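The block underneath contains the structure these notes are about, expressed in structure tokens.
The structure displayed is predicted, hence computed values, not measured ones.
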Amino acid sequence: KAPFTEQILIGTRGELENEITEAFRKSGMSHILAVSGMHMAVIVNLFEKFFGLFPSDKNKRNARSVFIIVFIIFYMALCGLGMSVIRSGFMLIFHYLSKIFFSGSKPVENLGIAIVTVLLFDPFAACDSGFLMSVFSCGAIFIFAPHLKAFIVNHLKADGKPLVKYFAEAFSVSTVAFLSVLPVSAAVFGKISLASPFSNLFAGFLTQYIIVFGLITVLIGFVPFLSFAAGGTAFIVSVFETLLLMIAKFFAGFSFFCADVSESWFYIWILGSA
């Protein structure tokens, strides 16, 4: 049993040491420990790449979409149906339903439908901090992150430089997500981490590989003639987890990154308004 991997894959609570959860909170990486759209998107993308290895027609693509929808529902239940899980799950479900019945849909449209669906079932979700932060960050990423990335890439003249483009995208996503949830997180937690846009430059990259190799470890562990390989993939997961924890502890070590709302509310208000 690996509590860290289990936490990242299905959002299990209460298994990690307080020191670890505190380091992730101070470094602005707490969202990694709660299953959200990033986790689901990585897993679904893994299925898409696997299915892409085989030839397909429209009927087979529809069957694959149905399989992914069923898996998403199962995964949502496995993760405990938290607000961020429900929001991201509905978004993906509507995405694949639109591929079956229409020509597709845009992420912002799926987000809007998911918001309406959640609020129809539970109007009080509008008062849930987890749901609000999930919706705000997701909307900001869809609407503002591409423009910020384009600005950075053009300013740095990064065409033809994939590494620079990657960091420009990672910084854009983490920055707009951080700013969009700033008022809510400040009101709920009383403190915010100013390290978030920087720590997540590396955290997102490592988390994707933890999710991928963690899921592969779980799946091949059930296959008798492949179970011997589970040890190798589990080792890879442990390496990425060690690096992720090092990053969390590194940024958590700088006390000036952790802002107290009561002492710095004015600056938080300016950032949140922006």
No-hydrogen, no-angle side-chain donor-acceptor test under 3.5 Å, S134 and S84: no
Shortest non-hydrogen separation from L92 to A41 and the atoms involved: CD1-N, 4.4 Å
Qualifying salt bridge (Lys or Arg N to Asp or Glu O under 4.0 Å) pairs with a residue from residues 84-100, counting only residues at least two apart or across chains: E48-K99
Trace of the side chain to side chain contact (heavy atoms under 4.5 Å, CB included) decision for V181 with L132: CA-CA 8 Å; V181 303; L132 292 174; over 6 Å; no
With sequence neighbours excluded, residues passing ring-ring contact (aromatic ring centres under 6.0 Å, His included) with F124: none
Side-chain (D122) to main-chain (V118) donor-acceptor, under 3.5 angstrom: no
Closest heavy-atom pair and its distance - T217, A234: OG1-N, 3.5 Å
Set of ring-ring contact (aromatic ring centres under 6.0 Å, His included) partners for F250, sequence neighbours left out: F254
Co-members of the apolar cluster containing F121 [side chain, <4.5 Å]: none
Set of residues satisfying ring-ring contact (aromatic ring centres under 6.0 Å, His included) with respect to F144, sequence neighbours excluded: none
M76 and M40, any side-chain heavy atoms less than 4.5 Å apart: yes
Residue pairs involving residues 21-42 (criterion ring pair (Phe, Tyr, Trp, His ring centres under 6.0 Å); sequence neighbours excluded): F4-F24
Pairwise distance CG(L148) to CD1(I141) - rounded to 0.5 angstrom: 12.0 Å
Residues which pass side-chain contact (heavy atoms from CB on, under 4.5 Å) with I73, listed by chain and number, not counting sequence neighbours: I69, I93
Residues that R64 engages under salt bridge (Lys or Arg N to Asp or Glu O under 4.0 Å), provided they are two or more places apart: none
Value rounded to 0.5 Å, distance of CG in L243 from CG in L206: 5.5 Å
Residues, nucleotides or ligands: over 12 heavy atoms within 6.0 Å of D57 CG: yes
Rounded distance (nearest 0.5 Å) linking atom CD of Q208 with atom CD1 of I43: 11.5 Å
Derivation of the side chain to side chain contact (heavy atoms under 4.5 Å, CB included) call for I152 and K165: CA-CA 9 Å; I152 295 173; K165 282 187 174 182; over 6 Å; no
Residues F142, L111; criterion side chain to side chain contact (heavy atoms under 4.5 Å, CB included); working and verdict: CA-CA 9 Å; F142 291 152; L111 175 61; 4.3 Å; yes
Derivation of the side chain to side chain contact (heavy atoms under 4.5 Å, CB included) call for K249 and M246: CA-CA 5 Å; K249 289 184 174 180; M246 288 173 60; 6.0 Å; no
Sub-4.5 Å side-chain heavy-atom contact between V153 and V164: no
For L120, side-chain contact (heavy atoms from CB on, under 4.5 Å) partners two or more places apart: V116
Min side-chain heavy-atom separation T207-V42 under 4.5 Å: no
Donor-acceptor contact present, side-chain N200 to main-chain S196, <3.5 Å: yes
Those residues that, when tested against F240, pass ring-ring contact (aromatic ring centres under 6.0 Å, His included) (two or more places apart): Y209
Straight-line distance of F67 CZ to N62 CG, nearest 0.5 Å: 15.0 Å
Side chains of I100 and R61 in contact at under 4.5 Å (non-hydrogen atoms): no
Nearest-0.5 Å distance, CG of residue N45 to CD1 of residue I211: 11.0 Å
Nearest heavy atoms of S238 and T242, plus distance in Å: O-OG1, 2.8 Å
Closest non-hydrogen atom pair between Y96 and S65, with its separation: CD2-OG, 3.7 Å
Aromatic ring proximity, centroids under 6.0 angstrom, F251 and F198: no
Qualifying salt bridge (Lys or Arg N to Asp or Glu O under 4.0 Å) pairs with a residue from residues 131-155, counting only residues at least two apart or across chains: K149-E169
Atom pair OG (S199) and CG (L194), whose distance is rounded to the nearest 0.5 Å: 10.5 Å
Any I68 side-chain heavy atom under 4.5 Å of F51 side chain: yes
Where S27 and S193 come nearest, the two heavy atoms and their spacing: C-OG, 3.3 Å
Check ion pair R25-E22 (N to O, under 4.0 angstrom): yes
Minimum heavy-atom distance between V35 and L9, given as atom pair plus value: CG2-O, 3.6 Å
Enclosure of Y166 OH (heavy-atom neighbours >12, cutoff 6.0 Å): yes
Heavy-atom side-chain proximity of N110 to F90 below 4.5 angstrom: no
pair F71-Y75: side-chain heavy atoms closer than 4.5 Å: yes
Results of side-chain contact (heavy atoms from CB on, under 4.5 Å) for S180 - residues two or more places apart only: F136, S137, A140
